[in-house]
Amino acid sequence: MPELPEVETVKRTLKQYLVGRKIIDIKINYDKIIKYDNKRFIDNLVNQTFNDIDRYGKYLIFKFNDYSLISHLRMEGKYFLQNDLKHLTKHDHIIFSLDNNQYLTYHDVRKFGTMELTKKGQEFRLDSLKKLGPEINNPNIDLSKVYNSIKHSNRSIKAILLDQTVITGLGNIYVDETLFKAKIHPETNMNELSFERFKSIIFSAQKVVEKAIKLGGTTIRSYQSSMGVDGRFQNELNVHTLVGKECSVCNSIIKKIRVAGRGTYFCPNCQKKESL
DNA sequence: CAAGGGCCCTGCACGC
DNA sequence: TGCGTGCAGGGCCCTT
C-alpha cells in the first residue's frame, strides 16, 4: 500500500539506476495495467530515454524525451531491475528491456496498478492528475483555501484526509497515524472542526509523512517499496495494524472499526470525537 | 452536487 | 487435508 513516503522512496531508488537508460523493447503480459492502447504504448516508448523520475502524490512520473509515463502502484505494484529474466513469475506483468542489457520489470500481485502515457508537459491534463489537491508534504500548502472548500462537509475527518482531491499523498496507514498524533477520533465530522483544529491535524500529518520519508516508508504485510528496499516506519506505528495491543501513550487497548469503508485503528481513550 | 457503495484482483486466514 | 468464504484496499464509476 504505497502512499506518498513509499512512492518517494521508489522514485529515489529507481532514479539512481534508470536516468540515462534507453528502452529498447517492451513486453506486456497483462494489458489491463495500461490505460488505452498497448500498441501505441510500446511504439511511443521504445527508443525513449529516461531523463528524470518525478512524483506527484502517490503517482510516479517517468519522464522521457517526448513522453511521460504516469504509474500508480495502488496496493502492491513494484518495480525491479533485473540482470536476466530467469526469475520471472506470473505476477511480472510488464518488462522493459534496457540498453545496458538489464530489464525493468513491473510486478503486481493484485493487478490494481495503472500506467498511462502522455506527451511530455501534458501530465497534469490527464484526468487522473488534474483533479488532485496539493501535496501533503508541501510546506506552502494554502490551508485556508483547502479548509474553505470542505468546512461544511459532514464527512468524517478520515474520509477527508483519504480524499486525494482535497490533499494528496495520504493513504490508510498515515491517516490512522495522523489522527492518533492529532488526538482526534477518526469519525469526527469535518464540519465540527475549526480552522485552527484542522490546521493542527494537517501539521500532524506533515510530521508523520516527513518522518516516514526519512525512514524510507513503511513495510507491512508483503509490501516492499521496490528493488527489495524495506522501509523502517513500521517500527514507528502507534495504531495502524495494532488492534488489541496497548496504546503507547495511555495503555488502553487499540480498537479497529470501519470508517469511510476502510479498516481504521485508533486509541479509544486518546482519540475522542470533537464538536465545535 | 455530495456521499456512499460496488468493483477490480489475488493471496491469505479462517472455519468446518 | 481441502474446500469455501471473507477480507484487504485506491481510485473509478454508478446510484441515491
Side-chain angles (χ1 to χ4, degrees), chain A residues 1-8 10 28-36 55-61 70-78 88-94 106-116 123-124 126-133 135-136 146-179 186-193 205 209 212 217-226 234 237 239-244 254-266:
Chain A
M1 35 214 71
E3 304 175 32
L4 191 149
E6 290 74 33
V7 180
E8 178 65 21
V10 173
I28 299 173
N29 293 326
Y30 179 80
D31 62 13
K32 287 175 78 174
I33 304 277
I34 316 262
K35 286 198 188 174
Y36 317 124
R55 181 194 53 68
Y56 192 83
K58 307 178 195 175
Y59 289 84
L60 279 169
I61 305 175
I70 289 80
S71 167
H72 197 300
L73 306 170
R74 292 291 180 91
M75 312 306 301
E76 300 196 17
K78 301 172 187 65
L88 285 188
T89 71
K90 61 177 175 176
H91 302 303
D92 294 303
H93 305 303
I94 298 167
Y106 178 73
H107 179 104
D108 191 343
V109 169
R110 291 193 196 168
K111 300 178 173 173
F112 269 23
T114 58
M115 291 188 195
E116 192 172 7
E123 297 85 359
F124 287 90
L126 294 175
D127 288 344
S128 48
L129 293 191
K130 72 182 179 194
K131 58 179 183 299
L132 296 176
E135 294 187 291
I136 185 62
V146 171
Y147 180 76
N148 284 332
S149 71
I150 51 170
K151 62 185 175 187
H152 299 303
S153 171
N154 64 355
R155 299 159 79 193
S156 63
I157 182 62
K158 170 137 188 176
I160 294 290
L161 294 182
L162 285 172
D163 185 341
Q164 304 299 298
T165 69
V166 176
I167 287 172
T168 189
L170 297 173
N172 207 27
I173 299 174
Y174 296 117
V175 169
D176 282 0
E177 293 302 313
T178 291
L179 296 177
E187 288 178 313
T188 303
N189 277 1
M190 181 63 217
N191 59 22
E192 297 289 348
L193 299 176
V209 165
T218 301
T219 304
I220 60 172
R221 301 158 81 89
S222 63
Y223 183 71
Q224 280 187 322
S225 63
S226 204
Q234 62 275 16
L237 295 176
V239 286
H240 194 80
T241 72
L242 299 176
V243 60
I254 305 296
K255 275 194 171 181
K256 182 182 183 185
I257 58 175
R258 263 191 114 65
V259 183
R262 298 282 176 259
T264 299
Y265 303 82
F266 73 108

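A note on names: the letters A, B, ... follow the listed sequences, proteins ahead of strands, and every chain is numbered from 1.
Among B/dT10, B/dC9, C/dG10, the nucleotide with an atom closest to any side-chain atom of A/Y30 is B/dC9. Side-chain proximity of A/R155 to C/dG9, B/dA3, B/dC8: nearest is B/dA3. Minimum atom distance to the side chain of A/S153 is reached by B/dA3, of the listed B/dC9, C/dG9, B/dA3. Among the nucleotides C/dC12, B/dA3, C/dG10, the one closest to any side-chain atom of A/Y59 is C/dC12.
Close to C/dC7, at under 4.0 Å from its OP1 or OP2, lies no side-chain N or O of A/R258. OP1 or OP2 of C/dG10 has not a single side-chain nitrogen or oxygen of A/Q164 nearer than 4.0 Å. When the side-chain nitrogen and oxygen atoms of A/H72 are compared with OP1 and OP2 of C/dG11, one or more of them lie within a distance under 4.0 Å. Contact annotation: A/K90 side-chain N/O to B/dG11 OP1/OP2 distance is under 4.0 Å. Distances shown here put a side-chain N or O of A/K32 below 4.0 Å from the OP1 or OP2 atom of B/dC9. The side chain of A/N154 contributes an N or O atom lying less than 4.0 Å from OP1 or OP2 of B/dA3.
The separation between A/K131 atom NZ and B/dA2 atom P is 15 Å, rounded to whole Å. Rounded to an integer number of Å, the gap from NZ of A/K35 to P of C/dC13 is 7 Å. With rounding to whole Å, A/E76 atom CD is found 8 Å from B/dT10 atom C1'. Here the C1' atom of nucleotide C/dG9 and the NZ atom of A/K158 are 11 Å apart, to the nearest Å. The CG atom of A/D163 sits 15 Å away from the C1' atom of C/dC13 (whole-angstrom rounding). Here C/dC12 presents its P atom at 12 Å from NZ of A/K130, a figure rounded to the nearest Å. Atom pair A/Y36:OH and C/dC12:C1' shows a separation of 12 Å (rounding to whole Å applied). Rounded to an integer number of Å, the gap from NE2 of A/H91 to C1' of B/dG11 is 8 Å.
A salt bridge does not link A/D108 with A/R74: none of the charged nitrogens is closer than 4.0 Å to a carboxylate oxygen. The existence of a salt bridge linking A/E135 and A/R55 is confirmed by a sub-4.0 Å separation between a basic side-chain nitrogen and an acidic carboxylate oxygen. A salt bridge between A/R262 and A/D176 is absent, with no side-chain N of the basic residue lying under 4.0 Å from a carboxylate O of the acidic one.
Nucleic acid contact for A/R262: base, since at least one base atom lies under 4.0 Å from a heavy atom of the residue. Within the 4.0 angstrom heavy-atom criterion, no nucleotide atom of any strand lies near A/D108. Backbone-only engagement by A/K256 is indicated by non-hydrogen atom pairs under 4.0 Å involving sugar-phosphate atoms exclusively.
Side chain A/R110 to base C/dA8: a donor-acceptor pair is found below 3.5 Å.
In summary, the side chains of A/N172 and A/K158 do present a donor paired with an acceptor at a separation below 3.5 Å, with no hydrogens or angles considered. Looking only at atom types and distance, the side chain of A/E6 has a donor-acceptor partner in the side chain of A/Y174 under 3.5 Å away.
Figure legend: A/K255 and A/Y265 shown without cation-pi pairing, the cationic atom not lying both under 6.0 angstrom from the six-membered ring centre and within 45 degrees of its axis.
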